[in-house]
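Presented below is the structure to which this report refers.
Reminder, nothing fancy here: chain letters follow the sequence lines and each chain counts from 1.
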Amino acid sequence: MQTEQNILTGLNDKQLEAVTLPNQSALILAGAGSGKTRVLTTRIAWLIQTGQVSPMGLLAVTFTNKAAKEMLTRLTAMLPINTRGMWVGTFHGLCNRLLRAHHREAGLPSTFQILDTADQLSAIKRVMKAMNVDDEKYPPKQVMGYINSCKEEGLRAHQVEAYDAHSQKLREIYEAYDAQCNREGVADFAELLLRSYELLERDARIRGHYQSRFRYILVDEFQDTNRLQYLWLKLLAGQENSLFAVGDDDQSIYAFRGARVGNMADFQRDFAVQNIVKLEENYRSHSNILDAANAIIAHNKDRLGKNLWTSAGKGEPVRVYEAYNDTEEAQYIVDEISMLHREGIELGDIALLYRSNAQSRILEHALFTANLPYRVYGGLRFFERAEIKHALAYMRLIANANDDTALLRVINFPARGIGARSLEQLQEAAQQQSCSLWQAAVNKVGEGKVGGKGLDGFVGLIRHMVDQAYGISLAETVELATTLSGLKAHYQNEKEGEDRIENLDELVTAAVAFTNQDFGNHHNVDEELDLMTQFLNHASLEAGEHQAEVGREALQLMTVHAAKGLEFHTVFISGLEEGLFPHEQAAYEHGGLEEERRLMYVAVTRARQRLYLSYAQSRMLHGQVRYGIASRFLDEIPDSLLKRLNSRAAPKPYSSVSVAPASSGYPFKIGQSVRHAKFGEGVVVSYEGNADNLVIKVNFGREGMKSLAMEYAKLEKI
DNA sequence: CGACGTCCCCTTTTT
DNA sequence: GGGGACGTCG
């Protein structure tokens, strides 16, 4: 078959082996830059082309919408097939689809809304208020974390163990929160998964249907799956079907949000995996970069074992720069980038990475001053913006006025004289009548109760909107919601409202685009769900592009996490200091350091040709000057791969604060590197106490910050 | 109701 | 240092 040869052309032996494995469960350990996505999509294309499965008979799961889209794009480029109706998507997207199709069996209204993180948090706050829980003792964010991690473990409130008063209270809140969600007909992200898992588990008919349909299940980024996702896959696979899992344990960087690398080992056992293929040939980086990455990751004990290699040459050495402070580091980076740019490297092909978002500010400042165009990834996304959420809340109310979350968001925005007191009364009334806030409001207005002026207006407004929205297009509905509500007028009067108006206009555009795309696309599967519900779902599940698109003519700034899956000609990794990268918080979590190291591994393997690693002797952190020492990850790279560049600029101490008195009683200057017999190398941070009882504070990096009595501490200068 | 002040905290993030 | 949340005052 000629076309078959076409799609398999150019694969290396291992890739070919993975793509053409027999129909048995398989684990593909795909190292960074080893052609993972290509293997996954070619496998799908090959299965379809050789007639082993129809496009409808396979299920492909990814973590991000971007990855799902990418897969479909590549697939259609390989095969002239119609991807409509294919089950390719994110865990959440697929679960949503499942729940929409079987909402009755799942105990949800057909128009159930999806709560995003912000909605969920406010829902939790509401529950806690109704229960009179002290939010000092139970910070809502922590409660949310608790609830989500329970759900991600597959546990309902009644299944969670609670050994003390505190955890019992948490469990109680969890239970009440779930009850509230059920009452309001909404589901948070974790709920989508748990609910569909329970549905499949409980309903043998539905389970059987999907099990016999999806003979082939393929999972991307398998190392990032959490317990519940794994259980879900297992349930769907049943006894008959095969699971084709692609992942890289060395790139597991999401344990902090519930990812379980252990799923890879469980998978091998539970599915009696015979086929394990390692893709170790890297097509991205030169060997100096790759060897550095290998050397770093070799320090982790908990690995399945894999070593990347390349047939490309050594390439350039890895450059390491030691700066005096953070501003000087930023300046150096900017100068280098300007130079590279002059030499013809596209700015869009250069990435500037950091461990935490807070670090971007100082870099941005330097870039701005140097007039270098850059783009920062991270921060608020389109559908998460306040004005967009307000507009969507009005639309949600048009669809279903009993949506309390939506109602609370906009009942007094723009302000219409419904203050905290009237709201409280409304909530009481709703509780007494055990109905939604909207129902309670309608009743109040009907009774002609005093104090309902604003309420009267609101009820009238929503009713009017529902009337007007009948039979008009989606885009027109957006238009209507933003004007009748007074949102637009409100922002027009605001000084800084221009951007917001623009965003609201863009929402109309998004609605038009969604409508057009929808007519060509998956119409059959989403049944008769109305377009607006679909659009609102889309808004929750796909909050807008977050990850970088390569090829833009601007320097790319992002966290290391955000850089996963991308590659650049040149990569700068900044802030390589103990406490920052590896982050000090990580030291307290078990396995934290290994995860930081994997993060470093991911960062290093983003670079094709040139890699810069930099750190600063001191930096402003939380409004204080902090003296740090070089990250241990730098020590883990063999010197033979490195080229060390040290700052030649004169040390510029921070003029504002000079904590250290310059007098003779202080043997070491602040910032001086010292050695201690037990703690090793460190940096002097400050002095405390008086001359009689002088305490010196030293940052020993991995040993932590120590306060030592000057009299006894045996420190020597290095 | 909104403007302004004060306090507190402060990884990483997708859906 | 700086953003977000909350509280007070005009």
Side-chain angles (χ1 to χ4, degrees), chain A residues 61-68 89-96 114-121 125 135-136 139-141 145 148 151-152 187-194 221 224-226 228-229 252-259 326 353-362 365 377-381 383-384 386 412-420 454 490 493-495 537-547 558-565 575 579-589 592 595-596 598-600 602-603 619-626 654 656-657:
Chain A
V61 200
T62 62
F63 273 83
T64 64
N65 292 302
K66 192 184 166 199
T90 63
F91 278 102
H92 293 87
L94 296 171
C95 285
N96 178 46
I114 299 164
L115 300 185
D116 68 11
T117 313
D119 296 333
Q120 188 187 16
L121 188 63
K125 283 182 184 163
D135 58 3
E136 297 259 295
K141 275 199 179 138
N148 288 340
K151 288 190 178 183
E152 278 158 12
D188 59 55
F189 288 133
E191 183 69 28
L192 292 176
L193 279 153
L194 184 50
E221 305 277 18
D224 286 337
T225 49
N226 63 36
L228 180 57
Q229 286 160 341
S252 153
I253 54 173
Y254 286 112
F256 74 92
R257 67 172 197 214
D326 44 2
L353 309 183
Y354 34 81
R355 173 73 228 299
S356 58
N357 284 308
Q359 287 165 251
S360 77
R361 221 193 67 254
I362 198 146
H365 178 77
Y377 293 91
L380 266 196
R381 288 175 296 170
F383 285 108
E384 285 168 354
N412 199 33
F413 194 93
R416 48 178 74 87
I418 304 175
H490 175 263
N493 293 330
E494 214 178 41
K495 280 190 300 248
N537 271 301
H538 167 82
S540 315
L541 284 174
E542 193 166 346
E545 266 327 317
H546 197 48
Q547 251 214 333
M558 65 193 94
T559 62
V560 178
H561 283 93
K564 190 175 174 202
L580 206 59
F581 197 179
H583 201 280
E584 59 193 348
Q585 302 292 117
Y588 303 112
E589 294 154 23
E595 177 144 322
E596 293 290 306
R598 291 192 293 269
L599 200 49
M600 181 66 184
V602 168
R619 91 169 48 237
M620 272 292 209
L621 215 63
H622 309 320
Q624 271 186 318
V625 180
R626 246 182 71 145
Y654 289 96
S656 51
V657 269

I want to check one thing: is the phosphate of B:dT15, taken as OP1 and OP2, less than 4.0 Å away from some side-chain N or O of A:Arg381? yes
Winner on side-chain proximity to A:Thr559, out of B:dT11, B:dT12, B:dT15, is B:dT12
Scan A:Glu596 against the nucleic acid and name what it touches under 4.0 Å (heavy atoms): base, sugar-phosphate only, or nothing. base
For A:His490, give me all partners under ring-ring contact (aromatic ring centres under 6.0 Å, His included), at least two apart in sequence or on another chain. A:Phe413
Return the value, rounded to whole Å, for the distance between atom CZ of A:Phe256 and atom C1' of B:dT15. 13 Å
A:Arg416 has an atom CZ; how far is it from atom P of B:dG2, in whole Å? 12 Å
Measure from CG on A:Asp116 to C1' on B:dT14 and round the result to the nearest Å. 12 Å
Applying a 4.0 Å non-hydrogen cut-off, can you work out what A:Thr117 is touching in the nucleic acid: base, sugar-phosphate, or nothing? base
Roughly how many Å is it from OH in A:Tyr354 to C1' in B:dT13, rounded to a whole number? 14 Å
By nearest heavy atom, map A:Arg355 and A:Glu384 onto DNA chain B; which one lands nearer the 5' end? A:Arg355
Using a heavy-atom cut-off of under 4.0 Å over every strand shown, decide if A:Glu152 touches base, sugar-phosphate, or nothing. nothing
A:Glu589, nearest nucleotide to its side chain (from B:dC1, B:dT15, B:dT11): B:dT11
Rounded to whole Å, how long is the line connecting atom CD of A:Gln585 with atom P of B:dT11? 6 Å
Testing B:dT15, B:dG2, B:dT12 for proximity to the side chain of A:His92, the answer is B:dT15
Could you tell me how far apart A:Tyr254 (OH) and B:dT15 (P) are, to the nearest whole angstrom? 10 Å
For DNA chain B, whose closest nucleotide is more 5', that of A:Glu595 or that of A:Gly93? A:Glu595
Show each protein N/O and nucleotides 1-10 of chain C N/O combination with a separation under 3.5 Å, one pair to a line.
| residue | atom | partner | partner atom | Å |
| --- | --- | --- | --- | --- |
| C:dG1 | O6 | A:His622 | O | 3.4 |

A:His561 ring over B:dT12 six-membered base ring, under 5.5 Å and 30°: no
So that I know where these two stand, are A:Phe256 and A:His583 an aromatic pair - ring centroids less than 6.0 Å apart? no
Determine if the base of B:dT12 is syn or anti; take syn to mean the glycosidic torsion is within 90° of 0. anti
State plainly whether the residues A:Glu152 and A:Arg257 are in salt-bridge range, i.e. N to O under 4.0 Å. no
Sequence-distant partners of A:Glu584, side-chain hydrogen bond (donor to acceptor under 3.5 Å, both in side chains), two or more places apart: A:Arg626
A:Glu191: partners by side-chain hydrogen bond (donor to acceptor under 3.5 Å, both in side chains), with sequence neighbours left out: A:Lys151, A:Arg156, A:Arg195
Send over the distance from A:Glu221 CD to B:dT15 C1', rounded to a whole Å. 15 Å
Measuring only the P atom in each nucleotide, how far is B:dT13 from C:dG4? A whole number of Å is fine. 16 Å
What does A:Phe63 touch in the nucleic acid at a heavy-atom separation under 4.0 angstrom: a base, only the sugar-phosphate, or nothing? sugar-phosphate
Does a donor on one side chain and an acceptor on the other come within less than 3.5 Å for A:Asp224 and A:Gln229? no
For B:dT12, does either OP1 or OP2 sit under 4.0 Å from a side-chain N or O belonging to A:Asn357? yes
Taking side-chain hydrogen bond (donor to acceptor under 3.5 Å, both in side chains) as the test, write out the residues that go with A:Thr62, two or more places apart. none
Side-chain atoms of A:Thr90 come closest, of B:dT15, B:dT12, B:dC1, to B:dT15
N or O in side chain of A:Asn65 less than 4.0 angstrom from B:dT15 OP1/OP2: yes
Atom-to-atom span, CD1 of A:Ile418 to P of B:dC1 - whole angstrom: 9 Å
Have a look at A:Phe91 and say if it touches a base, only the backbone sugar-phosphate, or nothing, with a 4.0 Å heavy-atom cut-off. nothing
Say we look at B:dT11 and C:dC6: how far apart would their C1' atoms be, to the nearest angstrom? 25 Å
From the options B:dT15, B:dT12, B:dG2, select the nucleotide whose nearest atom is closest to the side chain of A:His490. B:dG2
Please answer whether the main-chain N or O of A:Thr559 pairs with a side-chain N or O of A:Asn357 as donor and acceptor at a distance below 3.5 Å. no
Contacts of type side-chain hydrogen bond (donor to acceptor under 3.5 Å, both in side chains), residue A:Ser356, not counting sequence neighbours: A:Gln359
